[in-house]
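Worksheet: one structure, shown below.
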Amino acid sequence: MGSTLSIRLRITTLRSDLRIPTSELDETCYHLSMTNDKIAQTLHQLADLLEFTGANAFRLRAYRNGARVIKDLPDSIESMLESGEDLTKLDGIGKGVAQKCKELVETGSLSQLEEILETVPRTVLDLLNIPKLGPKKAAALFNELNITTLEQLKTACEAQEVRALSGFGAKTEEQILEGISIAAAASQRILWSKADGIVQQLRDHMSHCKQVKQIEFAGSYRRGKETVGDLDVLISSKNVDKVMDHFGEFEGIGTVIVRGDTKMSVRLENEFQIDLRVVPDKSFGAALLYFTGSKEHNVIVRGMAKQKGLKINEWGVYRLDDDEWIAGKTEADVYATLDLPVFDPETREARAEFDWAKELEELPTLIEISDVKGDLHMHTTATDGRASIEEMAAAARERGLKFIAITDHSKRVAMANGLDGDRLLAQWKEIDKINKNATDNFLILKGIECDILESGEMDLPDEVLAKADWVIASLHYGQQQPRQQITDRIIGALENPHVCMIAHPTGRLLNKRPPYDVDMTAVFQAAKENQKLLELNASPLRLDLNDVHLLQAKHYGIPIVINTDAHRVKGLDNMRFGIKQARRGCLTAADVANSLPWKKMQKLLKK
DNA sequence: GCCGTTTTCGGCCCGACTGTTTTCAGTCG
C-alpha cells in the first residue's frame with residue numbers, strides 16, 4: 001500500500017544522455033510520438049467503451065487506475081520503454097496495461113480499441129454525460145434499442161420507447177429528456193476562481209442561519225483543482241430541515257435535484273450544481289475527509305482501515321468486529337486511527353502523500369502566499385497593462401512584496417503595442433530613476449517578456465537583452481506549429497544565455513484553448529541543463545504549469561517562479577491562485593525561486 | 001486486470017438517494 005511514488009522515483013533517473021536532439025528526429029516520427037496523456041486517454045476510452053460490452057468492472061478499474069498512474073509519471077512511457085525499463089514495476093501497472101503501452105508506443109494505436117469500435121461507436125460515450133444515466137443504463141439503451149447518439153436517444157424518449165425497457169420508467173424517460181439539454185452545459189467545469197466567488201457568497205448566506213454549527217466547502221474546490229465540476233458544502237447541525245430550508249433560499253438556485261434526510265442537491269440557474277450534506281458534529285471530520293476526496297485517496301484510506309480492522313465512512317471510524325464508533329469529530333481524529341497525519345487537501349490525490357507519511361518524519365510544509373517575496377511578470381501602460389510602473393510598484397509594496405520585475409511585451413506583440421529596443425531602453429531609464437528615488441529597499445527589476453518568434457529567433461537582439469535584469473521568454477504566435485518546431489523554439493530560448501525563464505510554458509487557457517503540442521520532458525531537461533527557471537503563471541485562466549508538470553519539474557530540480565502576469569493593479573492578487581496550484585504540485589518554499597530575496601534568487605541562474 | 005507480512009486465488013471502499021421495484025439495482029460522490 002502506498003508505494004506508488006517511491007517505486008516510480010526509484011526506477012526513474014534523469015536520462016539527458018538519451019535525449020536525441022530534436023533536429024535529428026524526422027518530423028513524422030515526432031508527430032507520431034505517444035505522450036503519457038494520450039496513452040492515459042486511450043486507456044480511459046477503452047474502459048468506457050468496454051462498459052457497453054458488459055466487461056468485468058474490476059478490469060475497467062484496473063485500466064483507469066493504470067491511466068492515472070501513467071498520467072502522473074515524471075518521465076514519458078515512450079522514453080522508459082526506449083531505455084528498456086520494465087513498466088510492470090510501477091504500482092498499478094501489470095502485464096496487461098504494460099503490453100498496451102508498448103503497442104501504443106510502437107504502432108500508435110490499440111488493436112483492442114479498434115475492434116471494439118467496430119461494434120460500439122464512439123458516440124455512445126456522449127450518453128454518459130447525461131445526469132443519472134450511467135454505464136448500465138446507457139448500455140441497455142445501446143443493446144436493446146441500438147441507440148448510439150444523443151439525437152437518437154431524444155427521439156426514442158419522445159416516442160416513449162425508453163420507458164418500456166426493464167429498469168426504466170416514465171420518470172427516468174423524462175429525466176433523460178431534461179438531461180440531454182443540460183448535458184453539454186453541466187459537463188463544463190468552472191474555474192476555481194469562479195467557484196471561489198460562489199463559495200464566498202454561499203458562506204455569507206449560510207452565516208445567517210443560526211442552526212449551522214460548522215461549515216466547510218469540500219470536494220475538488222478544497223483540493224484546489226484548477227477547475228471545479230460541482231461544489232460540495234458540508235455543514236454540521238442538529239437541525240437538518242432548517243439548514244436545508246435556508247440553503248434552498250440561496251440566490252441563483254434554479255432547481256432542487258434531490259432532498260433527503262442528510263443530502264440536498266441543487267442546480268443554479270447557470271447549471272452549476274451544489275451538493276449539501278448535513279451531519280452531526282461528531283461526524284464532521286469524517287464527512288469532511290470523505291467529501292474532500294479525492295476518490296482515489298479515499299479508496300486507499302478505507303483500504304488501510306480495513307487492514308486495521310476498522311471501517312471508515314462519512315459518519316466516522318468504526319471497529320469492524322463490534323461496529324463501535326471510535327472517531328469522526330475532526331479529520332485529525334480520523335487520520336490518527338490509521339497513524340496518518342492530516343494531509344493538506346491539495347495533496348490528497350493518491351500520488352505521493354501516503355509515501356510521505358510512511359517515509360518522512362513529518363509532511364513537507366507546502367508553500368504559502370506569505371513566502372513569496374517578488375512578482376516577476378507584469379505589464380504596464382507601456383504595452384497592454386492598465387497601470388504605470390509606479391502604480392504597480394506601490395500596489396506590490398502594499399501586498400508585502402520586496403521586488404517586482406516590469407516585463408512588458410516585445411514588439412512582435414503589436415496588438416499590445418509591444419516594445420522595440422529603443423522604447424525598452426527608455427523604460428529602463430525610467431525604472432533606474434524610480435529605484436534611485438526609492439526610500440525603502442523595494443526593488444524594481446528591468447525586465448522584458450520577449451517573444452519567441454515563429455522562426456525560433458528572439459524578438460529582440462541579444463545586445464538589448466544583455467542589459468536586462470530579468471528576461472522572460474514566451475510564445476504567443478505560431479501555437480499551431482507541430483510538436484518538434486514548438487519544442488525546438490522553447491529549447492532554443494532556454495539555450496539563450498540572456499533568457500532567465502519561460503513564461504506560461506504550455507500556453508493553455510482553461511476551458512478555452514488547449515496547450516500547444518510541446519514535449520515537456522525535453523523542456524524540463526533543457527531547463528535543467530541550462531540552469532533556467534520555469535514559470536507557474538498564477539492567472540486563474542492559465543495556471544500553467546499544471547499540477548503534474550510541477551511535480552515533474554520538482555523531480556528534475558527545476559526552480560519554479562510563481563508570477564501573476566498582472567495587467568492591472570488588482571491582477572497582483574492572482575498570486576493566491578498560483579499558490580494553490582503550487583501546493584497541488586507539492587511545492588515547498590524551497591522549490592519556488594521567488595520565495596528568495598532577489599540577490600539569492602539570481603544565484604539560481606547561470607547568467 | 002492487479003495484487004499479496006492472512007492469499008498465486010479470490011478479493012477489489014462505502015453509503016445516500018431515487019425509481020422501479022415488491023426487496024433491489026443503478027447512479028452519484
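First the proteins, then the strands, lettered A, B, ... as listed; each starts at 1. As the structure is a computational prediction, the values presented were derived from the model and not from experiment.
Here the side chain of A:Gln581 pairs a donor or acceptor atom with the backbone of A:Leu545 at under 3.5 angstrom.
Electrostatic pairing of A:Asp547 and A:Lys225 does not count as a salt bridge here, judged by no charged N lying under 4.0 Å from a carboxylate O. Of the charged side-chain nitrogens involved, none lies within less than 4.0 Å of a carboxylate oxygen, so that A:Arg189 and A:Asp230 do not count as a salt-bridged pair.
For B:dA25 and B:dT20, the C1' atoms lie 9 Å apart once the distance is rounded to whole Å. Using C1' as the reference atom, B:dC9 and B:dC14 are 25 Å apart when rounded to the nearest Å. B:dC17 and B:dG10: their C1' atoms are spaced 31 Å apart (whole Å). For the P atoms, the distance linking B:dC13 with B:dC3 amounts to 14 Å, nearest Å. Annotation: B:dT21 and B:dA16 have their P atoms spaced 24 Å apart (nearest Å). Rounded to a whole angstrom, the distance from the P atom of B:dT6 to that of B:dC2 is 23 Å. For the C1' atoms, the distance from B:dG1 to B:dT8 is 14 Å, rounded to whole Å.
Sorted by residue number, the list of members of residues 139-153 of chain A with any non-hydrogen atom under 4.0 Å from DNA chain B is empty.
Taking A:Glu178 as the reference, nothing meets the side chain to side chain contact (heavy atoms under 4.5 Å, CB included) condition, with sequence neighbours excluded. For A:Ile253, the side chain to side chain contact (heavy atoms under 4.5 Å, CB included) partners are A:Phe250, A:Val266, A:Leu268, not counting sequence neighbours. Residues passing the salt bridge (charged side-chain N to carboxylate O under 4.0 Å, His left out) test with A:Lys329, sequence neighbours excluded: A:Asp281. Residues passing the side chain to side chain contact (heavy atoms under 4.5 Å, CB included) test with A:Ser265 are A:Ile257, A:Val258, A:Lys263, A:Gln273, A:Asp275, sequence neighbours excluded. Applying the side-chain hydrogen bond (donor to acceptor under 3.5 Å, both in side chains) test to A:Tyr335 and every residue at least two apart in sequence or in another chain returns A:His297, A:Arg348. For A:Glu249, the salt bridge (charged side-chain N to carboxylate O under 4.0 Å, His left out) criterion is met by no residue, not counting sequence neighbours.
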Expected list for residues 201-209 of chain A: side-chain donor-acceptor pairs under 3.5 angstrom, two or more places apart:
unit_1: A:His205; atom_1: NE2; unit_2: A:His246; atom_2: O; d: 2.7
unit_1: A:Ser207; atom_1: OG; unit_2: A:Asp204; atom_2: O; d: 2.6
unit_1: A:His208; atom_1: ND1; unit_2: A:Asp204; atom_2: O; d: 3.0

Do any side-chain atoms of residues 153-167 of chain A form donor-acceptor pairs under 3.5 angstrom with protein atoms, and if so which ones, sequence neighbours left out?
unit_1: A:Thr155; atom_1: OG1; unit_2: A:Glu151; atom_2: O; d: 3.0
unit_1: A:Arg163; atom_1: NE; unit_2: A:Glu173; atom_2: OE1; d: 2.8
unit_1: A:Arg163; atom_1: NH2; unit_2: A:Glu173; atom_2: OE1; d: 2.9

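Within 4.0 Å (heavy atoms only), A:Leu60 reaches no atom of the nucleic acid at all. A:Val301 comes within contact range of no nucleotide atom at all, as no heavy-atom separation falls under 4.0 Å. Residue contacts for A:Asn313: at a heavy-atom cut-off of 4.0 Å it reaches the sugar-phosphate backbone alone, with no base atom in range. As judged by a 4.0 angstrom heavy-atom cut-off over every strand, A:Gly219 is placed among residues making no nucleic acid contact.
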In B/S/- notation (B base, S sugar-phosphate only, - none; protein heavy atoms under 4.0 Å), nucleotides 20-29 of chain B written 5' to 3' is SS----SSSB
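Between A:Leu338 atom CG and B:dC13 atom C1' there is a gap of 13 Å when expressed in whole angstrom units. Remark: C1' of B:dC14 and CG of A:Asp323 are 13 Å apart, rounded to the nearest angstrom. Here the P atom of nucleotide B:dC2 and the CZ atom of A:Arg64 are 15 Å apart, to the nearest Å. Between the NZ atom of A:Lys95 and the C1' atom of B:dC2 there is a distance of 12 Å, given to the nearest Å. Computed from coordinates, the A:Tyr63 OH to B:dC2 P distance equals 7 Å when rounded to whole Å. At whole-Å resolution of the value, CG in A:Leu276 and P in B:dC17 are 11 Å apart. To the nearest angstrom, P of B:dC3 lies 12 Å from CG of A:Leu87. Between the CG atom of A:Asn298 and the P atom of B:dC14 there is a distance of 12 Å, given to the nearest Å.
Side-chain atoms of A:Lys213 and A:Phe284, non-hydrogen and from C-beta on, never get closer than 4.5 Å to each other.
A close approach under 4.0 Å does occur between a side-chain nitrogen or oxygen of A:Thr262 and OP1 or OP2 of B:dC17. Regarding contacts with the backbone of B:dC14, every side-chain N or O of A:Trp315 stays at 4.0 angstrom or more from both OP1 and OP2.
Pair check for B:dT8 finds none; no Watson-Crick or G-U wobble contact set falls under 3.5 Å.
Under the side chain to side chain donor-acceptor pair (under 3.5 Å) criterion, the residue pairs touching residues 113-126 of chain A are A:Gln45-A:Arg122, with sequence neighbours excluded.
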Might you list the N or O atoms of the protein lying below 3.5 Å from N or O atoms in nucleotides 6-12 of chain B, with each pair's distance?
unit_1: B:dC12; atom_1: OP1; unit_2: A:Lys306; atom_2: NZ; d: 2.6

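Residue whose closest nucleotide on DNA chain B sits further toward the 5' end, between A:Lys311 and A:Ile93: A:Ile93.
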